[in-house]
Amino acid sequence: MFRVPVHIERAGANICGGSFWMKGIRIKNIEGFGASDFLHARTLAVNLNLLSLLTSEFSVGQILLKDPFLWVEIDPQGRGNAAEFLSRAVYRFQKFALKKRNLLQSITAYELEKFAIRRGTINVIDRRKEGRKWTLDSVSFSLARVLFPPDAQEALPVAVYLNATVRGSQNGQILLLGRLNPFAPKKSFDITVSAKD
C-alpha cells in the first residue's frame, strides 16, 4: 500500500473471534528523507465484529496501536513524508474501491467502536531550518464511535481524546478532548484544548 519495505516480526489471528495482531512492525521511510523509518510499533491489534457482516454492516470493535514511534519529516523543499504516505494510501484505496465497487455498495454502514494509541512518540523534523525539531512523547490518543453514514440522532457522535508531552527547546503538556462529526456535510465539533508551558 505504501510502496516501501514493511517488516513484521510475528503475526497471528483468531478467525472465530474476528481478531488479528501483529508485533514488531517496522515501515521504512520514503526514499529521499533522512530518517530510516517512518513508523515502528510494538503491537497492532484489531478486533472485528464478524456478525455485523450478516446485517450488511461492517463493524470494527477496536484498533489498538501500542508503543508506536513515528517520524514526521519535512524536507528542505517543503515536501512531507506523512503527506506522501497519506497520498499513496488514498490512491491504493481508490483503486481497491473501483475493483470492489459492488462489494462496498452492498455494505450499508461502517462503524469503528474505538481506535487507540498507547504510549506513542512522534518525532517532528523540519529540515527547512536547522535545529527545528520537537517530540510529542507519552502520546495517548483515542477516537470512539466513528460512524458512516453519521448518526442522525446524535449531532456529535465521535469522541476524541489526546494527551501528550511536548519536548523541544522547552517542554510542555497538551490535552485535547471533545466530540465531532467528521462526516456531516457541514463539519461540526466541540473541542477543548489545554496547553501548559
Side-chain angles (χ1 to χ4, degrees), residues 2 19 21-27 29 33-35 37-47 49 59-74 78 80-87 89-90 110-197:
F2 296 131
S19 63
W21 54 266
M22 292 179 277
K23 294 196 174 186
I25 305 153
R26 188 177 295 272
I27 300 174
N29 209 349
F33 289 94
D37 293 332
F38 173 65
L39 169 77
H40 69 77
R42 184 165 63 92
T43 307
L44 171 66
V46 179
N47 294 319
N49 184 350
S59 177
V60 179
Q62 178 173 262
I63 299 174
L64 175 61
L65 194 59
K66 290 183 181 177
D67 301 323
F69 284 79
L70 181 70
W71 283 266
V72 176
E73 191 174 347
I74 301 169
N81 65 340
E84 181 64 25
F85 272 108
L86 180 61
S87 175
V90 168
Y110 298 86
E111 179 179 9
L112 170 59
E113 291 179 21
K114 188 172 185 182
F115 171 77
I117 295 173
R118 289 185 189 163
R119 298 181 302 273
T121 301
I122 303 172
N123 299 292
V124 181
I125 305 165
D126 188 345
R127 300 195 185 279
R128 292 173 296 184
K129 187 174 181 181
E130 189 67 32
R132 185 182 287 179
K133 58 183 178 180
W134 61 93
T135 299
L136 283 125
D137 203 2
S138 305
V139 176
S140 294
F141 175 78
S142 68
L143 284 175
R145 203 164 175 263
V146 182
L147 306 171
F148 182 83
D151 187 347
Q153 304 298 318
E154 195 169 353
L156 302 170
V158 182
V160 61
Y161 170 83
L162 168 69
N163 188 13
T165 300
V166 183
R167 304 190 190 283
S169 55
Q170 64 184 58
N171 296 340
Q173 192 78 21
I174 186 167
L175 173 66
L176 179 152
L177 52 94
R179 304 187 73 86
L180 67 152
N181 189 344
F183 303 115
K186 185 178 180 182
K187 299 297 181 285
S188 54
F189 57 89
D190 181 4
I191 302 289
T192 298
V193 180
S194 172
K196 180 181 177 182
D197 298 331

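Residues Asp197 and Asn171 have side chains not in contact (no heavy-atom distance under 4.5 Å, counting atoms from C-beta outward). Contact check for Trp21 versus Leu64: no side-chain heavy atoms found under the 4.5 Å cut-off.
Between the side chain of Asp126 and the main chain of Arg132, no donor-acceptor pair closer than 3.5 Å is present. A distance-only check finds a donor-acceptor pair linking the side chain of Asn81 to the backbone of Glu73 [under 3.5 Å].
In this pair, His40 and Trp71 present their aromatic rings tilted. The plane angle is within the 30 to 60° band.
Residues that satisfy the salt bridge (charged side-chain N to carboxylate O under 4.0 Å, His left out) test with Asp37, not counting sequence neighbours, are Arg26, Lys28. Qualifying ring-ring contact (aromatic ring centres under 6.0 Å, His included) partners for Trp134, counting only residues two or more places apart in sequence or in other chains: none. A search for ring-ring contact (aromatic ring centres under 6.0 Å, His included) contacts involving Phe33 returns nothing, not counting sequence neighbours.
Residue pairs meeting the salt bridge (charged side-chain N to carboxylate O under 4.0 Å, His left out) criterion with at least one member in residues 155-174, sequence neighbours excluded: Asp137-Arg167. Annotation: salt bridge (charged side-chain N to carboxylate O under 4.0 Å, His left out) contacts involving residues 111-123, sequence neighbours excluded, comprise Asp67-Arg119.
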Just list the side-chain donor-acceptor pairs under 3.5 Å for residues 154-165, sequence neighbours left out, or say none.
unit_1	atom_1	unit_2	atom_2	d
Glu154	OE1	Arg145	NH1	2.8
Glu154	OE2	Arg179	NH2	3.2
Asn163	OD1	Gln173	NE2	3.2
Thr165	OG1	Gln173	OE1	3.0

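When each of Leu39, Val166, Leu70, Ile117 is paired with Ile122, the side-chain contact (heavy atoms from CB on, under 4.5 Å) condition holds for Leu70 and for no other. Partner of Phe38 under the ring pair (Phe, Tyr, Trp, His ring centres under 6.0 Å) criterion, chosen from Phe85, Phe2, Phe69: Phe85.
Here NZ of Lys23 is found 11.5 Å from CG of Leu44. Values are rounded to the nearest 0.5 Å.
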